[in-house]
Amino acid sequence: SVPSLASSDGFVHCLLQKIPDELVLTQSSSSFTDVLVSSIHNPRFVNNATARPLCIVTPTDASHVQAAVRCGRAEGIHLRARSGGHDYEGLSYRSARDGEVFAVVDLGARLRAVSVSVDDATAWVESGATLGELYYAVAKTSPVLAFPAGVCPTVGVGGHFSGGGISIMSRKYGLSVDNILDAKLVNAHGELVDRAAMGEDHFWAIRGGGGESFGVVVSWKIRLVEVPPTVAVFAIVKTVDEGAADVISRWQHVTPRLPNELSIRVKVRGQRATFQSLYLGPCASLVPIMSSIFPELGMTSADCREMSWLDSVAFIQFMDLTTPVEALLNRTTSLSTYTKAKSDYVRRAIPKDVWKSIFSWFAMNGSDQMLLEPMGGFMDGVPAAATPYPHRAGVLYNIQYITFWFGDDTAAVANRWINDLYAFMEPYVTSNPREAYVNFRDLDIGENAVSNDGVSTFESGKVWGEKYFAGNFERLAAVKAAVDRTDYFRNEQSIPPLPVEI
Ligand code: FDA
C-alpha cells in the first residue's frame with residue numbers, strides 16, 4: 001500500500017477557495033457518479049471494488065488545473081488527469097493501489113475547444129477534446145487539412161497525444177506526436193508553462209512518454225497536414241476459406257513497398273480478416289497500384305470509393321456509408337463491453353503456417369480481435385530517440401490484441417484466452433525487449449513499486465518502461481527527476497525519477 005499523508009477535507013477546502021463550487025464535485029454531489037462514468041470506456045472498473053476519487057475537478061480554465069495541483073501538493077492528495085477516459089487500465093480515474101486517496105482532474109468535461117488557423121495550417125486543441133471533435137473542427141474549417149491520430153472518435157486528445165498517437169496516415173505523416181509544435185502544461189509546481197518555459201527536454205518527454213508523468217497538459221499546438229479534397233477507401237473481407245492466412249502473410253511483405261500515401265490495416269475477428277484502407281489520392285491511381293503490388297487481395301474499382309477525408313474517418317470507424325459525420329462528435333461511450341488489450345510489434349514477417357494457427361485462436365471466440373497497424377514509410381525515417389516513442393525504423397506493424405466479454409462470469413475465460421495467445425505469439429514478435437505500445441496500456445507487463453519516501457522506484461519502472469520506451473526510458477526518467485523529483489504526478493505506470501547515483 002502507498003503511504004498517504006492525505007488531508008481530504010483540507011484539499012476540498014483549499015480547492016473551494018480557488019475554484020467555483022460548481023466545478024468541484026465531491027462524492028456527495030448529485031452529478032458525481034454521472035460525471036465519473038461519463039467517459040469510462042471499459043466497465044471493468046465501474047464496480048464497488050474500484051476506489052472512487054475523493055472528488056472530481058472539472059476545470060474550465062488552466063488556472064483551475066493549477067489550483068488543483070497546488071492544493072493537491074499542499075494537502076498530500078495525488079491527482080489523476082483524465083481527458084477521454086479511454087485508458088485501457090482505467091488509470092485516469094482509478095487507483096489500483098490499496099488506500100490511495102486521489103482526485104480526478106477531468107479535462108474532458110469542459111476543456112475541449114479547438115481553434116484552427118488555416119493561414120499557417122496549425123491548430124490549438126484543448127486536451128479534453130475527442131479525436132472526433134478535432135477531426136470535425138479541422139475538416140469543417142478546411143477540407144484539405146487533416147491531422148494524423150487514432151481511428152476511434154471518442155478517444156481523448158490528452159491521453160492519446162501523451163502516448164504517441166498511431167494513425168491510419170502514420171505511413172505518410174507519422175504519429176500525432178510528430179506533429180506537435182507547442183503545448184501548455186501545468187507542472188509539478190502548479191505553474192502554467194509553454195514549450196519555451198518548460199524547455200526542450202520536458203517538451204520532448206510529453207510527446208509520447210505516456211500520460212500523467214510530466215504534468216497536466218492543458219492544450220496542444222499541432223501542425224495540420226494536407227489531404228486531397230477527395231481520398232479513396234476500401235474494405236475487403238477475406239475468410240479463412242478464402243485464404244485469409246495467405247493474404248495476411250503476403251500483406252506483411254507488401255506493406256513496406258506501398259507508397260506512403262497508402263495504408264492498409266487489418267482487423268482479424270473470428271474466421272475473417274478485414275483489410276481497411278485509406279489512400280490519399282483517387283481510385284484511378286489506387287486500383288493499378290493494388291493490382292500490381294498486391295494482386296492477392298483481388299481489389300478492383302468496384303471496391304473503391306471516393307469521399308472527403310472527414311467522410312473517410314467516419315467510414316473507417318463505422319464501416320457504413322450512411323452514418324453522418326456528425327456521429328464523430330458523439331462522446332457517449334458504451335458500458336456494455338468489458339475489454340482487456342495487449343500489444344506487440346513485428347519486425348520480421350510471421351510465417352504463413354503460423355497465421356493459420358493464429359486463426360485457430362480466433363475460432364474459439366467470435367468477438368475477440370487482433371488489429372494490425374502498418375508502419376514503415378515516414379515512420380522509418382524518424383530516429384528512435386526523436387520522441388519517446390521508440391518503435392520506428394524496421395517495424396513492419398503494430399499488433400493490438402483485444403478480448404471482449406459481457407459480464408463477470410466470462411472474465412476469467414477471456415483473460416486466459418488473451419494471455420495464452422500473447423504467450424503463443426512470443427517467438428514471432430520483437431524480443432529483448434518485447435516491445436509494447438504505451439497507449440495500449442497493459443499492467444500485466446509491470447507496475448511501479450513505491451518506496452517509503454513515496455517515490456516510484458526506477459528499478460520497478462524499468463521492467464515495463466523498457467518495453468514501452470526501449471532506449472528512451474532512461475532519458476524519460478532523467479527528465480522526470482529534473483521536473484518532478486518527489487514524484488507528485490504518478491500512477492502505476494508513470495515514469496519514475498532517475499536516482500541520483502545512476
Ligand atoms: P485517459 O483520459 O484515460 O488518459 C490516458 C492516460 O493519460 C492516463 O494515464 C491519464 O492520466 C493521462 N492523461 C489524460 N489526459 C492527460 C493530460 N491532459 N495531461 C497529462 N496526462 C493525461 N491509440 C492509437 O494510437 N491509435 C488508435 O487508433 C487507437 N484507437 C483506440 C480505440 C479505442 C476504442 C480505445 C479504447 C483506445 C484506442 N487507442 C488508440 C488508445 C488510446 O490512444 C489511449 O487509450 C489513450 O491514452 C486514450 O486517451 P484518453 O485521453 O481518452 O484517455
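The structure displayed is predicted, hence computed values, not measured ones. One-based numbering, in listed order, for ligands and for the atoms of each.
When hydrogens are left out, the protein atom nearest atom 5 (C) of ligand 1 is Asp87 OD2, 3.6 Å; that is the closest non-hydrogen contact. For atom 30 (N) of ligand 1, the closest heavy atom belonging to the protein is Cys152 CB, 4.1 Å. The closest protein non-hydrogen atom to atom 47 (O) of ligand 1 is Asn439 OD1, 3.1 Å. Among all non-hydrogen protein atoms, the one lying nearest atom 9 (O) of ligand 1 is Arg441 NH2, 3.0 Å. Of the protein's non-hydrogen atoms, Phe440 CE2, 4.2 Å is the one closest to atom 29 (C) of ligand 1. Of the protein's non-hydrogen atoms, Ile166 O, 3.0 Å is the one closest to atom 26 (N) of ligand 1. The nearest protein atom to atom 13 (N) of ligand 1, hydrogens excluded, is given as Ala81 O, 3.7 Å; this is a heavy-atom distance. When only non-hydrogen protein atoms are considered, atom 20 (C) of ligand 1 lies nearest to Gly215 O, 3.3 Å.
Not one N or O of Val155 is nearer than 3.5 Å to an N or O of ligand 1, by distance alone. Taking any N or O of Gly156, backbone or side chain, at least one lies under 3.5 Å from an N or O belonging to ligand 1. Taking only nitrogen or oxygen atoms, main chain and side chain alike, His160 reaches within less than 3.5 Å of ligand 1. Of the polar atoms of Arg82, none of the N or O atoms is found under 3.5 Å from an N or O of ligand 1, judged by distance alone. Ligand 1 has no N or O atom lying under 3.5 Å from any N or O atom of Val216, backbone or side chain. Residue Glu212 places at least one N or O, backbone or side chain, under 3.5 Å from an N or O of ligand 1.
Cation-pi geometry between Arg441 and Tyr88 is not met at under 6.0 angstrom from the ring centre and within 45 degrees of the axis.
Ring pair Trp309/Tyr135 is perpendicular by interplanar angle, where above 60° counts as perpendicular and below 30° as parallel. Under the 30°/60° scheme for interplanar angles, the aromatic rings of Phe473 and Trp464 are found to stand perpendicular.
With distances taken over non-hydrogen atoms, the option nearest atom 17 (C) of ligand 1 out of Asn398, Thr339, Val217 is Val217.
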### Intermediate values then yes/no, ring pair (Phe, Tyr, Trp, His ring centres under 6.0 Å), Tyr338 and Phe45
CA-CA 9 Å; Tyr338 296 71; Phe45 311 114; 9.4 Å; no
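In this structure, Arg112 contributes its side chain and Leu107 its backbone to no donor-acceptor pair below 3.5 Å.
At a 4.0 Å heavy-atom cut-off, ligand 1 touches His86 through backbone and side chain alike. Looking at Phe214 against ligand 1, nothing comes within 4.0 Å, counting heavy atoms.
Within the structure, ligand 1 lacks Tyr93 among the residues with a heavy atom less than 4.0 angstrom away.
Ring to ring, Phe102 and His78 are not that close: their centroids are 6.0 angstrom or more apart.
For ligand 1 and Tyr437, the ligand atoms under 4.0 Å from any heavy atom of the residue are 24 (C), 25 (O).
Heavy-atom minimum distance, Val125 versus Val157: CG2-CG2, 4.0 Å.
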